[in-house]
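These figures come from a predicted structure and were not determined experimentally.
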Amino acid sequence: MVVTIIQQCPNLEIFTVDWPITPSFIPVADALCTFANSLRTVQWSLTSALLPRLIWALDSLPQLESLYLNFEPNPELASEEKTLRLGAASNLAITLPGLTQLSLRGMCEEFIDQACDWSFPSLRSFSLDFIANRHDLPDILAFLSTHGAQISFLDLNTIPSIDISAILDHCPLLTHFSFNPDWRLPFHIESNDPNANATLIRSPHLHLTHIGLHQLL
């Protein structure tokens, strides 16, 4: 039914699905790539097992400006002995020239690993909500080393800590930054040297105007 609707909407620009789309993702994604050439915004909730097909879909949607992905727990990959196989999708050099906003939620480490090698020249906003997960944190610093130069809005809601000074170094144009102040920050670390100074940043950041704080536990 959803595929039929897509076929009747040649000028579709926004496609949002709130419920988990995993069982129907492949035919829906194929329909969008075939019939929705004007698509600008998508919101999908799926498991990481569909990452290969997701990569192929993104490669066929070069007009995207806003992308929201919620990665649900993947029971098929619950065992540590199982790994996600991307096949030919792992070699795709995705370029989304118009993507300005990327929002991720859930277990997205495999997606981040792949996206580190992609091109998002217009990316201005990046959000990550890692929910209550404490393990397998995506390599955010590697992602920002590739895409952080032009980002102005960064929202990181994670329990595991990330090096704030490195984040700010990778994002020189950042104006809005939200993070979890419960992270173990440099001034939380005890030192036997009374003259030691804990440093949160390596140099003043010239553009920050807004700070957001998650959790505050």
Engineer: CG/Asn133 to CZ/Phe130 distance, rounded to the nearest 0.5 angstrom?
Structural biologist: 4.5 Å
Engineer: What is the minimum heavy-atom distance between Val3 and Ala31, and which atoms define it?
Structural biologist: CG1-CB, 3.9 Å
Engineer: Considering only heavy atoms from C-beta outward, does the side chain of Leu156 approach that of Ile140 to under 4.5 Å?
Structural biologist: yes
Engineer: Should Asn157 and Phe179 count as side-chain neighbours, where that means a heavy-atom distance under 4.5 Å?
Structural biologist: no
Engineer: Between Thr22 (side chain only) and Thr47 (backbone N and O only), is there a donor and an acceptor less than 3.5 Å apart?
Structural biologist: yes
Engineer: Are Ile131 and Leu46 in one and the same hydrophobic cluster, where Ile, Leu, Val, Met, Phe, Trp and Tyr link if side-chain heavy atoms are under 4.5 Å apart?
Structural biologist: no
Engineer: Taking the side chain as everything from C-beta on, heavy atoms only, tell me whether His176 gets closer than 4.5 Å to Leu154.
Structural biologist: no
Engineer: Please check: side-chain N/O of Arg134 versus main-chain N/O of Ala132, any donor-acceptor pairing under 3.5 Å?
Structural biologist: no
Engineer: Is the shortest side-chain heavy-atom distance between Leu213 and Pro181 below 4.5 Å?
Structural biologist: yes
Engineer: For a quick test of reading the model, state the closest non-hydrogen atom pair linking Pro172 to Gly148 and the distance between them.
Structural biologist: CD-O, 4.2 Å
Engineer: Which residues satisfy the salt bridge (Lys or Arg N to Asp or Glu O under 4.0 Å) test with Asp113, sequence neighbours excluded?
Structural biologist: none
Engineer: Rounded to the nearest 0.5 Å, what separates atom CG in Leu206 from atom CG in Leu168?
Structural biologist: 11.0 Å
Engineer: Applying side chain to side chain contact (heavy atoms under 4.5 Å, CB included) between Leu104 and each of Leu67, Ile112, Asn70, report the one that passes.
Structural biologist: Ile112
Engineer: Using atom types as modelled and distance alone, determine if a side-chain donor or acceptor of Ser38 lies under 3.5 Å from a backbone N or O of Leu12.
Structural biologist: yes
Engineer: So do Val42 and Thr16 actually touch side chain to side chain, heavy atoms under 4.5 Å?
Structural biologist: no
Engineer: Let's go through Ile162 and Leu137 carefully: what are the C-alpha distance in whole Å and the side-chain angles of both, what is the deciding distance for side chain to side chain contact (heavy atoms under 4.5 Å, CB included) to 0.1 Å, and is it a yes or a no?
Structural biologist: CA-CA 9 Å; Ile162 309 173; Leu137 179 70; 3.9 Å; yes
Engineer: Find out if a path of hydrophobic residues (ILVMFWY) with successive side-chain heavy-atom gaps under 4.5 Å connects Ile14 to Ile6.
Structural biologist: no
Engineer: Should Ile164 and Ile159 be counted in the same cluster of Ile, Leu, Val, Met, Phe, Trp and Tyr side chains packed under 4.5 Å apart?
Structural biologist: no
Engineer: Answer with yes or no whether the hydrophobic clustering places Trp118 together with Leu128; edges join I, L, V, M, F, W, Y residues whose side-chain heavy atoms lie under 4.5 Å apart.
Structural biologist: yes
Engineer: Do Phe153 and Leu174 belong to the same hydrophobic cluster, where Ile, Leu, Val, Met, Phe, Trp and Tyr are linked whenever their side-chain heavy atoms lie under 4.5 Å apart, directly or via other members?
Structural biologist: no
Engineer: For the rings on Phe143 and Phe126, is their centre-to-centre separation under 6.0 Å?
Structural biologist: yes
Engineer: How many angstroms lie between atom CG of Leu69 and atom OG of Ser48, to the nearest 0.5 angstrom?
Structural biologist: 12.0 Å
Engineer: How about Gln63 and Asn37: do any of their side-chain heavy atoms sit closer than 4.5 Å?
Structural biologist: no
Engineer: With side-chain hydrogen bond (donor to acceptor under 3.5 Å, both in side chains) as the rule and sequence neighbours excluded, what pairs involving residues 140-153 come up?
Structural biologist: none
Engineer: Go through the structure and list residues passing side-chain contact (heavy atoms from CB on, under 4.5 Å) with Ser60, not counting sequence neighbours.
Structural biologist: Cys33
Engineer: Can you tell me how far the CZ atom of Phe177 sits from the OG1 atom of Thr209, to the nearest 0.5 Å?
Structural biologist: 13.0 Å
Engineer: Determine, stepwise, if the pair Asp163 / Ile167 fulfils side chain to side chain contact (heavy atoms under 4.5 Å, CB included).
Structural biologist: CA-CA 6 Å; Asp163 186 346; Ile167 291 173; 5.8 Å; no
Engineer: Tell me every residue that passes side chain to side chain donor-acceptor pair (under 3.5 Å) with Asp155, counting only those two or more places apart in sequence or in another chain.
Structural biologist: His214
Engineer: Taking the side chain as every heavy atom from C-beta outward, state whether Leu64 and Thr41 have any pair of such atoms under 4.5 Å apart.
Structural biologist: no
Engineer: Side chain to side chain contact (heavy atoms under 4.5 Å, CB included) for Leu123 and Thr100? Distances and angles first, verdict last.
Structural biologist: CA-CA 4 Å; Leu123 190 65; Thr100 60; 5.9 Å; no
Engineer: Which atoms form the tightest heavy-atom contact between Pro62 and Pro97, and what is the distance?
Structural biologist: O-CD, 3.6 Å
Engineer: Go through the structure and list residues passing salt bridge (Lys or Arg N to Asp or Glu O under 4.0 Å) with Glu72, not counting sequence neighbours.
Structural biologist: none
Engineer: Quick check against the 3.5 Å criterion: does Trp183 have a side-chain atom that pairs as donor or acceptor with the backbone of Thr158?
Structural biologist: yes
Engineer: Output all residues satisfying salt bridge (Lys or Arg N to Asp or Glu O under 4.0 Å) with Asp129, sequence neighbours left out; order by chain, then residue number.
Structural biologist: Arg105
Engineer: To the nearest 0.5 Å, tell me how far Gln114 CD sits from Leu54 CG.
Structural biologist: 10.5 Å
Engineer: Please test Ser125 against Leu102 for side chain to side chain contact (heavy atoms under 4.5 Å, CB included), starting from the C-alpha separation and ending with a verdict.
Structural biologist: CA-CA 6 Å; Ser125 172; Leu102 175 61; over 6 Å; no
Engineer: Within a strict 4.5 Å, meaning less than it, do heavy atoms of the Phe111 and Ile55 side chains meet?
Structural biologist: no
Engineer: Taking the six-membered ring for Trp, are Tyr68 and Trp44 ring centroids under 6.0 Å apart?
Structural biologist: no
Engineer: Please answer whether the main-chain N or O of Leu173 pairs with a side-chain N or O of His205 as donor and acceptor at a distance below 3.5 Å.
Structural biologist: no
Engineer: Could you go step by step and tell me if Arg40 and Glu13 meet the salt bridge (Lys or Arg N to Asp or Glu O under 4.0 Å) rule?
Structural biologist: CA-CA 5 Å; Arg40 299 289 187 269; Glu13 294 189 2; 5.5 Å; no
Engineer: Rounded to the nearest 0.5 Å, what separates atom CE in Met107 from atom NE2 in His135?
Structural biologist: 9.0 Å
